Amino acid sequence: MKLFYAAASPFVRMVWVTALELGIADRIERIDSGTTPMEANAALAEANPVAKLPTLVTDDGDALYDSRVICEYLIVEAGNETMLPAKGREHWSALRLLALVNGILDAAVLRRYEAAMRPEEKQWEVWDEGQRLKVVRALDELEREADQLGDGATLGAIAVACALGYLDFRFGHENWREGRPKLAAWHDDWAKRPSMTATVPAG
Amino acid sequence: MKLYSSPRSPYVRKVWVAAHELGLADRLELIEATPRNIIEVVGRHNPLGQIPTLVLGDGTAIYDSPVVCDYLDTLHDGPPLIPRDGPMRWQALKLQAIADAMLDQAIAVYTDAGRPAEQRNEAMLDRRRTRLKRCLSSLEDDTASLDGALTIGQIAVACALGYLDFRLGRDFWRPEQPNLAAWFDRFAERPSMRATQHPGPG
């Protein structure tokens, strides 16, 4: 399998941490594909018209995306039965957690793009504040649910940990830990896993 | 079940079309959210304040749209909209991912058009349009992938194209994608699509 990869992308990190936790990372070749919102990587666009990271090319040559679909595929490939509960309340709870994290990251990544790519006089402060508040509310929800995140490598926990790691990386000055002691304690503990220390974002 | 919704949301339409196709539409109570009240109304169930959000009888909230579709697909005994395993599953989920990504771009393009001109970033808009057109052209090159048994992939693509007609105009994509347009026009005849059309412009 091949994975279009960039060390700064939280969605890529989610996939790579999943692969490490599943013990199948050595079956995946990483293709470094730094991309910006203004410039698509040609090889990536060829494999995936959306031209977004991560994109996984399977051994059969099929391209898969987005990150949630890739993680699910890797779990099936690895024959793992615990990372994503197969059914029942726990299943839907895990998928909801992934959606919540996706919402946080979509908003955070967009804010970063706006700040980095849009000429300053064209930044839209009302818009930015709306995105910021979306993240704030989602983080507050995670604080309420922090006791349920657990210390195991579930897909939900991986996603939450990668999202919080991204906020540290790009929005450290906004300090998401403030007022969220349970979530902060959970993250600081979970982030000690080898899969996390091996994937600290850079770039 | 309560489905927080808007007749203008293509992600809601995808869920609503799926519900019709699965014979579940009459089990969903639609509650309309507006941009003004969405945080207050939907935020209690989903901190992202996004629609669609499905709330079950016991108060469990389910989102976002792929998860809601996945959930609805477990409530019936017919052929699944999301094939349970194998290559068909990944194909369906990939089509849905393309369609949803097209919508992300289309919504941003439409929204940006509503910003004051001096706050628009034409370079960014161009990138979004390019990405959107690349997705359209990959679908045009492979309309065969849209044939076969009904899956969430086809529903998602149809709802994305319906949204382009609704917000960016028919000329935005139809002239360059005649095969895709022909496929869409056939698909749009399905009762599920006819029952869920976006309202007139506005």
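Just so it is clear: chains get the letters A, B, ... in the order the sequence lines come, proteins before strands, and each one is counted from 1. In this text, all values refer to a predicted model and were calculated from it rather than measured experimentally.
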- Item | Region of Q91(B) in contact with chain A, defined by heavy-atom distances below 4.5 Å | neither
- Task: Answer yes or no: are there more than 12 heavy-atom neighbours, outside D26(A) itself, under 6.0 Å from its atom CG?
- Result: yes
- Pairwise distance CD1(I62(B)) to CG(L95(A)) - rounded to 0.5 angstrom: 8.5 Å
- How far apart are the closest heavy atoms of R131(B) and A51(A), and which atoms are they? NH2-O, 3.4 Å
- Would you call T60(B) and R89(A) a side-chain contact if the rule is heavy atoms closer than 4.5 Å? yes
- Should we count CE of M88(B) as having more than 12 external heavy atoms under 6.0 Å? no
- Message: Does atom NZ (K133(B)) have a neighbourhood of more than 12 heavy atoms from anything else shown, all under 6.0 Å?
- Response: yes
- Within the side chain of K94(B), is there an N or O that forms a donor-acceptor pair under 3.5 Å with the backbone of A63(A)? yes
- Message: Just so I know, are the side chains of D62(A) and W90(B) near enough to count as touching, which here means a heavy-atom distance under 4.5 Å?
- Response: no
- Message: If you compare all heavy atoms of L48(B) against all heavy atoms of A99(A), which two are closest, and at what distance to 0.1 Å?
- Response: CD1-O, 3.7 Å
- Message: Just so I know, are the side chains of H91(A) and V67(B) near enough to count as touching, which here means a heavy-atom distance under 4.5 Å?
- Response: no
- Per-residue contacts, residues 17-46 of chain B versus chain A, heavy atoms under 4.5 Å: I39(B)
- Between Q96(B) and chain A, which part of the residue has a heavy atom less than 4.5 Å away: side chain, backbone, both or neither? neither
- Task: Determine whether more than 12 heavy atoms belonging to other residues, nucleotides or ligands lie under 6.0 Å from atom CD of E189(B).
- Result: yes
- Sub-4.5 Å side-chain heavy-atom contact between T74(B) and W92(A): yes
- Message: Can you tell me if D77(B) has over 12 outside heavy atoms packed within less than 6.0 Å of its CG?
- Response: no
- Considering non-hydrogen atoms only, spot the tightest contact between D66(A) and A97(B) and give its length. N-CB, 3.9 Å
- Query: Given that the side chain runs from C-beta out, which part of D141(B) has a heavy atom under 4.5 Å from chain A: side chain, backbone, both or neither?
  - Reply: neither
- Task: Examine whether an atom of L110(A) lies under 4.5 Å from a heavy atom of chain B, and if so say whether it belongs to the side chain, the backbone or both; otherwise answer neither.
- Result: side chain
- Any sub-3.5 Å donor-acceptor pair from R96(A)'s side-chain atoms to Y63(B)'s backbone N or O? no
- Message: Do P66(B) and R68(A) have side chains that approach each other closer than 4.5 Å (heavy atoms only, starting at C-beta)?
- Response: yes
- Message: Side chains of P47(B) and D140(A), heavy atoms from C-beta outward: is any pair under 4.5 Å?
- Response: no
- Message: Using heavy-atom distances under 4.5 Å, tell me whether V76(A) contacts chain B through its side chain, its backbone, both, or neither.
- Response: side chain
- Minimum heavy-atom distance between L93(B) and E72(A), given as atom pair plus value: CD1-OE1, 4.0 Å
- Item | Contact class of D126(B) relative to chain A, heavy atoms under 4.5 angstrom | neither
